[in-house]
Amino acid sequence: MLKDTNCGELRSADSGRKVRLAGWVHRRRDHGGLIFIDLRDASGIVQLVLNPENAAAHAAAHRARIEWVLQVEGEVRNRDAATVNPNMATGEVEVVPTTVSILNEAATPPFYINEPVDVDENLRLKFRYLDLRRPEVARVIYLRHEVVRHIREFLYARGFIEVETPTLIKSTPEGARDFLVPSRMRPGSFFALPQSPQILKQLLMYGGVEKYFQIARCYRDEDTRANRVAEHTQLDLEMAFVDQEDVMALIEELYTGIAQKFGSGSLLQAPFPRIDYQDAMNRYGIDRPDLRFGLEFVDIAEPLRGSGFQVFAGALQAGGQIKAIRVLGRADMTRRDIDELTEIARSGGAKGLAYIGFTPGELRSPIAKFLSETEIASIKTLTGAEDGDMVFIVADQPAVVARALHEVRTSLGQRLGLIPEGVLAFAWVTGFPLLEWHPDEQRWDATHNPFCGFPESSREHLQPGGDPGKAASFQYDLVCNGAELGGGSIRISNRADQELVFSLMGHSPEQQADRFGVVLDALEYGAPPEGGVGAGIDRLIMTLAGTENIRDVIAFPKASSGSDPLMGSPTPVDAGQLEELGLLLKPSAPQA
RNA sequence: GGCCCCGUGGUGUAGCGGCCUAACAUGCCACCCUGUCAAGGUGGAGAUCGGCGGUUCGAAUCCGCUCGGGGUCGCCA
């Protein structure tokens, strides 16, 4: 090895040790006589001190520039009390080199490596190998490694085996758009990259593997978002002979351990609270509520049923709802805040955002004049508002109220500073309906995935004449701080039930055989009761690292535009490759 | 596909019709400097303002198109 010691690990106790270090020049302070070099390697940074008395080493240090690669042999010594740097992990010591070898010179980097300045992201991605040298970037990549390692060790210890599944699989038109890979052996046919190993892991269960997991790459050819990229990684896990509680208990133990070991803050609640889906929708308007703050919805429809205020009465007559959020002590909120919140409510689909500020004396509310004193008093009582509080109200169809008021709640949480730093608010959401009606396509669709099981008590709803929307499911979602971190279910384990669900979803027997024939056939040969989860690794790391951008937790991410500034992909390919694949490009497509 | 925002020396920003033959910080280069840790000091090099076209006596600054990037809705679990 060119080094026998890591820079970042040197401490006072190492004083007197002869060490060999190698790393990059993080910073250089050349006093002409004395030269200080901060030498950085993967472990951290340590200060070198070069004295003119050692002419060769001093000359090399004088010549060295930022990001040059050095090898140093020297002695560790304690710094004088006056020169100790308490801001550095290695600040009590420094290394006095006897030799300094320049292993490589370096061009001036296109952006700062030694300062956490916001640099144009495209430039960072283009020079990702330099970006990764930045300690704050590297930190997250190391965190990710440690978390995945923890997951593996946790599951190995509980008898899980890690099985790889193919990344060239069969395309199905369900769900997200597939990435396609043309087949050379069978021109005109395509593989798809998996959106998840769902079917394969079920087949593993049918194959007698009782405890499987995989850190699996998943692909979806859809537009990106801050927390969504074309390829992401999930902890894919499946177990045989379990019920819902078994899977949830296992995952909860795993995530509790991760939060305690790697979370920068505290777990809000453990064991994780459980929220019924309908309850979550009622109280937060979303199935992945952020439980770090309150501002729950209150249903205030009842006393307004016969109201003279048409906006309220009309909404109720049309089968809608009226819900409110009470904001403690903010009746004096600025006009600007209110306007912005109104705009947010509108973007969520609401026609407007009503409010009543319970200011002492006269109410602060453009709608108060349309409401009776009794109605206002009822709103006050139901919301628990007191003088000085503000109440926001949305009246509309349930889906609109949920969405608009959720956006308002989230914005209020942010703008009022109600979201505590470093808190991890995990929760389970259960009790999802099995199916939901898709008006556009005029058919039922699975809320989670079509293999999700259902309790016997729901069977009647799935029979002819029943209301499939009432069927319960064995689905569970893990949420944290308003993000869905994972979800899973106990699967259907017999052919008849699976066919029943597919049929309700509008798949003909032919379509079922074509798309899911393997699963249906396999279910006939003694499938065990089984279930599992798919849990997003990227989002988990985002939550732990406290970053808003999924690219921060991926070593070599694609840009938001879906391209890769580092490698320059995607690119056209040459005519010979296309020929082999039996592909012909449309004239409008750029040619290689 | 729609909407919003951004694009000025290596980097981050300022300038938003003539005072800009473009400013500031930092980085870079040279010299001085033995205790700094965002070292300090002196001097120097470095951008025609993403691209194209237009308006104007005059454009980094206004308009149109276009390219690149970011966010968001649609889409997506």
Side-chain angles (χ1 to χ4, degrees), chain A residues 26-40 45-54 58 61-62 65-67 79-88 90-92 94 96 106-127 130-131 174-178 195-196 198 218-230 232 234 287-288 343-344 346-349 403 407 429 432 440 445-449 452 475 477-479 483-489 533-536 538-539 548-551 558-563 565:
Chain A
H26 191 65
R27 226 183 268 283
R28 192 180 66 113
R29 294 174 294 281
D30 189 340
H31 291 216
L34 268 189
I35 300 174
F36 298 97
I37 287 178
D38 291 339
L39 192 69
R40 183 194 74 237
I45 293 169
V46 72
Q47 173 168 281
L48 312 178
V49 197
L50 283 301
N51 209 290
E53 285 140 39
N54 184 340
H58 188 266
H62 180 69
R65 289 293 180 272
I66 277 178
E67 296 309 310
R79 299 196 196 181
D80 292 341
T83 60
V84 164
N85 184 344
N87 300 319
M88 285 178 83
T90 61
E92 293 194 341
E94 58 196 4
V96 184
T108 304
F111 51 80
Y112 299 103
I113 288 166
N114 54 20
E115 280 178 45
V117 176
D118 260 341
V119 182
D120 176 69
E121 200 179 358
N122 211 36
L123 189 71
R124 287 177 55 195
L125 293 183
K126 189 174 172 187
F127 291 95
L130 296 180
D131 198 35
E174 294 283 300
R177 189 181 297 113
D178 282 329
Q195 296 178 27
S196 84
Q198 182 64 38
C218 305
Y219 305 87
R220 300 193 183 97
D221 190 4
E222 298 290 352
D223 287 357
T224 59
R225 287 289 183 280
N227 63 358
R228 220 170 71 192
V229 277
H232 75 279
Q234 73 177 38
D287 60 2
R288 45 179 172 82
E343 202 38 56
I344 286 165
R346 287 217 177 91
S347 71
R403 181 169 174 176
E407 301 285 351
V429 180
F432 287 86
D440 319 342
D445 199 5
T447 54
H448 180 55
N449 77 42
C452 182
Q475 190 199 327
D477 275 4
L478 181 64
V479 303
E484 183 190 328
L485 287 191
S489 64
V533 297
D538 309 274
R539 285 188 188 172
E548 296 293 312
N549 191 325
I550 196 167
R551 282 169 244 119
K558 303 280 182 290
S560 167
S561 55
S563 59

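A, B, ... follow the sequence lines: proteins, then strands. Residue 1 opens every chain. What you see below is based on every heavy atom in this structure, not just the backbone, and it leaves out hydrogens, waters and symmetry mates.
Of all nucleotides present, only B/C57 satisfies the Watson-Crick or G-U wobble test against B/G18, with each distance under 3.5 Å. Here B/G68 sits opposite B/C6 as a Watson-Crick or G-U wobble pair (both hydrogen-bonding atom distances under 3.5 Å). Base pairing of B/U48: no nucleotide in any strand meets the Watson-Crick or G-U wobble criterion (both distances under 3.5 Å).
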Protein-nucleotides 1-4 of chain B N/O pairs closer than 3.5 Å?
residue, atom, partner, partner atom, Å
B/G1, O6, A/Asp223, OD2, 3.2

Between protein and nucleotides 30-32 of chain B, what N or O pairs are separated by less than 3.5 Å?
residue, atom, partner, partner atom, Å
B/A30, OP2, A/Arg65, NH2, 3.0

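Among the atoms of the strands shown, base atoms are found under 4.0 Å from some heavy atom of A/Thr447. The residue A/Thr83 sits close to a base: some heavy atom pair falls under 4.0 Å. Among the heavy atoms of the strands, none lies under 4.0 Å from A/Glu407. Residue contacts shown for A/Asn122 are limited to sugar-phosphate atoms, with no base heavy atom under 4.0 Å away.
When the C1' atom is used for both B/G27 and B/A39, the distance is 16 Å, rounded to whole Å. Comparing the C1' positions of B/G46 and B/G12 gives a spacing of 16 Å, expressed to the nearest Å. Taking atom P on both B/G53 and B/A60, the two are 14 Å apart, rounded to the nearest angstrom. Only the P atoms considered, B/C24 is 16 Å distant from B/G9, to the nearest whole Å. Rounded to whole Å, the separation between the C1' atoms of B/G10 and B/C5 comes to 25 Å.
A/Asp221 places no side-chain N or O within 3.5 Å of a backbone atom of A/Arg177 that could act as its donor or acceptor partner.
Considering only side-chain N and O atoms, A/Arg29 lies under 4.0 angstrom from the phosphate OP1 or OP2 of B/A39.
A donor-acceptor contact under 3.5 Å is not formed by the side chain of A/Arg27 with the base of B/U36.
Rounded to a whole Å, the CD atom of A/Glu92 is 18 Å from the P atom of B/C37.
Checking A/Arg27, A/Arg29, A/Arg28 one by one against A/Asp38, the side chain to side chain donor-acceptor pair (under 3.5 Å) holds for a single residue, A/Arg29.
The nearest pair of heavy atoms linking A/Gly488 to A/Asp477 is N-OD1, 4.4 Å.
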